[in-house]
Amino acid sequence: MNWTFARGLVCLACLVASGLAMAGLADFDLVTGNFDLRPFNLYALTGAAGGVVSSALASVALWRGWGRK
């Protein structure tokens with residue numbers, strides 16, 4: 001495995017973990033290094049993510065000019 005790729009994955013995982021902690025969805029203990037993910041409603045998450053993803057895709061389509069003849 002490429003070490004640069006592995007280091008990038010670790011940095012990305014730490015970025016996601018810190019984002020979850022800042023959003024209040026997780027707790028991180030600096031002394032012990034424990035990361036605890038709080039319980040969440042998966043149905044609400046998928047419902048909200050569907051709207052966000054469809055709006056983002058519509059914005060990209062508008063920006064790129066998809067659908068024009």
Side-chain angles (χ1 to χ4, degrees):
M1 175 177 238
N2 188 355
W3 289 107
T4 304
F5 182 70
R7 186 177 15 189
L9 286 178
V10 169
C11 289
L12 184 63
C14 290
L15 181 67
V16 168
S18 64
L20 286 171
M22 285 191 301
L25 298 173
D27 292 322
F28 178 70
D29 187 10
L30 188 62
V31 176
T32 61
N34 286 338
F35 178 77
D36 295 324
L37 186 62
R38 293 185 183 165
F40 58 92
N41 187 349
L42 188 59
Y43 294 118
L45 178 68
T46 55
V52 170
V53 169
S54 64
S55 296
L57 185 60
S59 299
V60 169
L62 182 64
W63 178 54
R64 302 264 323 215
W66 295 342
R68 286 191 212 153
K69 291 185 176 183

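Note that the structure is predicted; figures quoted are calculated from it, not measured.
Judged by distance alone, with hydrogens and angles left aside, the side-chain atoms of S55 form no donor-acceptor pair with the main-chain N or O of V52 at under 3.5 Å. Between the side chain of R38 and the main chain of D27, no donor-acceptor pair closer than 3.5 Å is present.
Placement of L42 and V16 within a single hydrophobic cluster is found when ILVMFWY residues are connected by side-chain heavy-atom separations under 4.5 Å, directly or transitively.
Minimum interatomic distance between L37 and L25 (heavy atoms only, all atoms of both residues): CD1-O, 3.5 Å.
Rounding to the nearest 0.5 Å places CG of L57 at 6.0 Å from CH2 of W66. Within the model, atoms CG of L20 and CG of L15 stand 10.0 Å from one another, a figure rounded to the nearest 0.5 Å. In this structure, the separation between CG on N34 and CZ on F28 is 8.5 Å, given to the nearest 0.5 Å.
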Report task. For N41 and L45, run side chain to side chain contact (heavy atoms under 4.5 Å, CB included): C-alpha distance rounded to whole Å, both residues' side-chain angles, the deciding distance at 0.1 Å, then the answer. Result -> CA-CA 6 Å; N41 187 349; L45 178 68; over 6 Å; no
